Amino acid sequence: MKTIVPEGYKKTKVGVIPNDWQLYRTDKVLKRVRNSVDVIADEEYKQIGIRSHGKGIFYKETVLGKELGNKSVFWIEPDCFIVNIVFAWEQAIGKTTENELGMIASHRFPMYKPQPNKVDLDYLVYLFKSKRGKYLLELASPGGAGRNKTLGQGEFAELEIALPPFKEQQKIANIFTIYDEAIVKQEELIKEKEQLKKGLMQKLLSGTIRFDGFDDEWEEVRLGDIGEFKTSSIDKIVNENEKLVNLINYMDVYRNKHINQNFKCSETSLKEEQYEKVNLKKGDILFTPSSETPDDIGHSAVIIEDLPNTVYSYHLVRFRPKKSIDLKFSGYVFNNIDILKEFAKRANGSTRFTLSIKDFNETKAKLPSLPEQQKIAEVLSLADNEINLLKNELEELKLQKKALMQKLLTGEVRVKV
């Protein structure tokens, strides 16, 4: 199929770009920077690392020179494009600043200084965070999967990138920076609201704050007296005579406080006798009974409607209340810090911690009357709704930025300089 080239554009080996954009090999616009460190055994050094998926630089713990061994290390130069060659294909890239002066990086983190008036550093970083940039980094990282896909210095030097005029690069980078600042502010606002909700939840679920008209004593109960805990033997196994069912796993519980029919479960093939005919029901609560740290035990998710043909994995424990507990309230009370601390205290283990069914049964919780449960849940739900609205706005910002990157970094949409 013949490519249609609009007026004012030209066809190149990297695609259709504006007439005033130019193709450059990266080694024509970037200069490798290498300033070796003469390591002194008793001196302290702070190393940097780079997160994948374009999340940038992070700082490691300070170490003594003797702990570096024979590793070749280099001083960080500010205002450089830097890449982790092992995970470049996962967009482990970043930009050095004055904040990293005096820090070091190993030979696995090459740095490149942009040529003046040819390539803007911020623009370059955004380019390699884009879909096109990921493709280029993968192209320069031959090999198999994971650690075998190392960025080749020669391959990286030969990559060709399409660059707009320098001032247009700066304008485009500035637009993306504004989006990033808005995203950070939204994330900070969400974090602030979540902390406020956490404090409110702690006071409401401990009875420190009571609503007008509620003065009854709260009932202290053993969980085993108000419901039944049950384990599962189900894992992701494929068997003969298979029957496809939906499977909820432990990560689904960690990531979600509520689960309904719109929830995307894993699919697993099981022998019919391996799962109960009685499937997950509205009001059931799934708990994580074991983890590498006791603080991760007891995280829960509430089933908020019947889930036919859905089971839970052996990594989880199901609690089915026998006493009437408000559905929304149960989602809050079992994620309250007090009960999580009690789970952590009862957990046993050394390298991996586990809470037995007996300990689940013996754990105590304080429950108000059903009307007060409903009132508490109503107030906390309002806080959750506000947080969810902010999160939806955050996702919309991210989607807008992503769409704009696709258009501006390819020249499909131009900016006035």
Side-chain angles (χ1 to χ4, degrees), residues 194-195 197-208 218-237 247-259 263 265-266 268 275-276 280-281 283-304 310-323 325-368 373 376-377 380 384:
E194 286 178 333
Q195 285 299 112
K197 179 217 161 184
K198 184 178 179 181
L200 177 63
M201 189 165 94
Q202 173 67 9
K203 290 176 181 177
L204 288 175
L205 294 177
S206 64
T208 306
W218 288 24
E219 181 184 7
E220 186 174 70
V221 297
R222 288 170 65 256
L223 296 185
D225 291 337
I226 63 168
E228 177 192 24
F229 287 97
K230 188 166 184 178
T231 57
S232 170
S233 61
I234 293 171
D235 194 9
K236 293 183 179 180
I237 318 167
L247 175 73
I248 297 177
N249 218 320
Y250 74 103
M251 286 307 297
D252 301 326
V253 169
Y254 274 118
R255 292 173 182 153
N256 300 274
K257 299 305 178 192
H258 302 95
I259 295 175
F263 180 77
C265 306
S266 305
T268 186
Y275 65 93
E276 290 184 278
L280 288 168
K281 292 183 176 180
D284 285 349
I285 303 166
L286 297 178
F287 288 90
T288 56
S290 66
S291 182
E292 293 176 358
T293 65
D295 291 340
D296 281 339
I297 290 175
H299 287 264
S300 64
V302 181
I303 309 300
I304 60 174
T310 303
V311 294
Y312 58 102
S313 82
Y314 75 97
H315 296 292
L316 297 171
V317 169
R318 186 202 70 195
F319 178 71
R320 181 163 288 169
K322 293 185 286 189
K323 180 172 180 171
I325 301 177
D326 180 72
L327 186 66
K328 288 184 178 179
F329 179 82
S330 64
Y332 294 116
V333 74
F334 287 116
N335 280 290
N336 183 29
I337 190 169
D338 287 339
I339 201 165
L340 291 174
K341 281 181 179 178
E342 183 64 22
F343 286 148
K345 187 170 71 175
R346 289 176 173 272
N348 294 309
S350 53
T351 57
R352 189 167 187 85
F353 296 83
T354 301
L355 199 66
S356 67
I357 294 295
K358 179 184 176 186
D359 283 315
F360 270 114
N361 283 328
E362 293 296 325
T363 300
K364 293 180 180 179
K366 286 187 175 181
L367 296 180
Q373 290 179 31
I376 290 171
L380 292 176
D384 273 338

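The structure presented is a predicted model; accordingly, all values stated were derived computationally and were not measured.
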Task: Closest approach of S291 to I297 (non-hydrogen atoms, all atoms of both residues) - done: N-CG1, 4.0 Å
Open item on the list: Can you give me the closest heavy-atom contact between S290 and T354, atom names plus distance?
Closed with: CB-OG1, 3.5 Å
Task: Heavy-atom neighbours of K257 NZ exceed 12 at 6.0 Å - done: yes
TODO: Please lay out, stage by stage, how F329 and L367 fare under the test side-chain contact (heavy atoms from CB on, under 4.5 Å).
DONE: CA-CA 10 Å; F329 179 82; L367 296 180; 3.9 Å; yes
Open item on the list: For E342, is there an ion pair with K345 - N to carboxylate O distance below 4.0 angstrom?
Closed with: yes
Open item on the list: To check you understand the geometry: which heavy-atom pair defines the closest contact between R222 and E362, and what is its length?
Closed with: NH2-OE2, 2.9 Å
Open item on the list: Could you walk me through whether L316 and V253 satisfy the side-chain contact (heavy atoms from CB on, under 4.5 Å) test, starting with their C-alpha distance in whole Å, then the side-chain angles of each, then the deciding distance to 0.1 Å, before giving a yes or no?
Closed with: CA-CA 9 Å; L316 297 171; V253 169; 3.7 Å; yes
- [ ] Please assess H258 against K328 for the test side-chain contact (heavy atoms from CB on, under 4.5 Å), listing each intermediate value before the final yes or no.
- [x] CA-CA 9 Å; H258 302 95; K328 288 184 178 179; 5.5 Å; no
Open item on the list: Is the ring pair F360/F287 parallel, tilted or perpendicular, if the boundaries are 30 and 60 degrees?
Closed with: tilted
TODO: Check the surroundings of atom CD in E292: do more than 12 heavy atoms from other residues, nucleotides or ligands lie under 6.0 Å from it?
DONE: no
Open item on the list: Could you tell me if the side chain of R320 sits less than 4.5 Å from the side chain of K281, heavy atoms only?
Closed with: yes
Task: Side chain to side chain, F334 and L223, heavy atoms closer than 4.5 Å - done: yes
Task: Atom pair OG1/NZ of T363 and K358 - distance to nearest 0.5 Å - done: 11.5 Å
- [ ] Indicate yes or no: at least one non-hydrogen side-chain atom of L205 is less than 4.5 angstrom from one of I376.
- [x] yes
Task: Heavy atoms of other groups near Y250 OH, more than 12 under 6.0 Å - done: no
Open item on the list: Measuring from atom CG of L286 to atom CG of N249, what distance do you get when rounded to the nearest 0.5 angstrom?
Closed with: 10.5 Å
TODO: Scan side-chain atoms only and decide if T288 and D296 contain a donor-acceptor pair under the 3.5 Å cut-off.
DONE: no
TODO: Mind listing the closest non-hydrogen atom pair of G298 and L340 along with its distance?
DONE: O-CD2, 3.5 Å
Open item on the list: Quick one, I304 and I259 - any side-chain contact, counting heavy atoms below 4.5 Å?
Closed with: no
Task: N/O donor-acceptor pair under 3.5 Å between D359 side chain and L355 backbone - done: no
Task: Atom pair CG/OG of D252 and S313 - distance to nearest 0.5 Å - done: 8.5 Å
- [ ] Would you kindly say whether D384 and Y332 are connected by a side-chain donor-acceptor distance under 3.5 Å?
- [x] yes
- [ ] Can you see which heavy atom on S330 is nearest to which on I325, and at what distance?
- [x] CB-CG2, 3.8 Å
Open item on the list: Within the structure provided, determine whether R318 and E228 are in side-chain contact (heavy-atom separation under 4.5 Å).
Closed with: yes
Open item on the list: Nearest 0.5 Å, please: how far is NZ in K341 from CG in N336?
Closed with: 9.5 Å
Task: Residue pair E219, K323: steps toward the side-chain contact (heavy atoms from CB on, under 4.5 Å) verdict - done: CA-CA 12 Å; E219 181 184 7; K323 180 172 180 171; 2.3 Å; yes
Open item on the list: In the structure I gave you, are the side-chain heavy atoms of L380 and L200 within less than 4.5 Å of one another anywhere?
Closed with: yes
Open item on the list: Nearest 0.5 angstrom please: L327 CG to Q373 CD, how far?
Closed with: 11.0 Å
- [ ] Could you label the plane-to-plane angle of the H299 and Y254 rings as parallel, tilted or perpendicular, counting under 30° as parallel and over 60° as perpendicular?
- [x] tilted
Task: Chi angles and distances behind the side-chain hydrogen bond (donor to acceptor under 3.5 Å, both in side chains) call for D338, S206 - done: CA-CA 8 Å; D338 287 339; S206 64; 5.4 Å; no
Task: S232 side, atom OG; Y312 side, atom OH - distance, nearest 0.5 Å - done: 5.5 Å
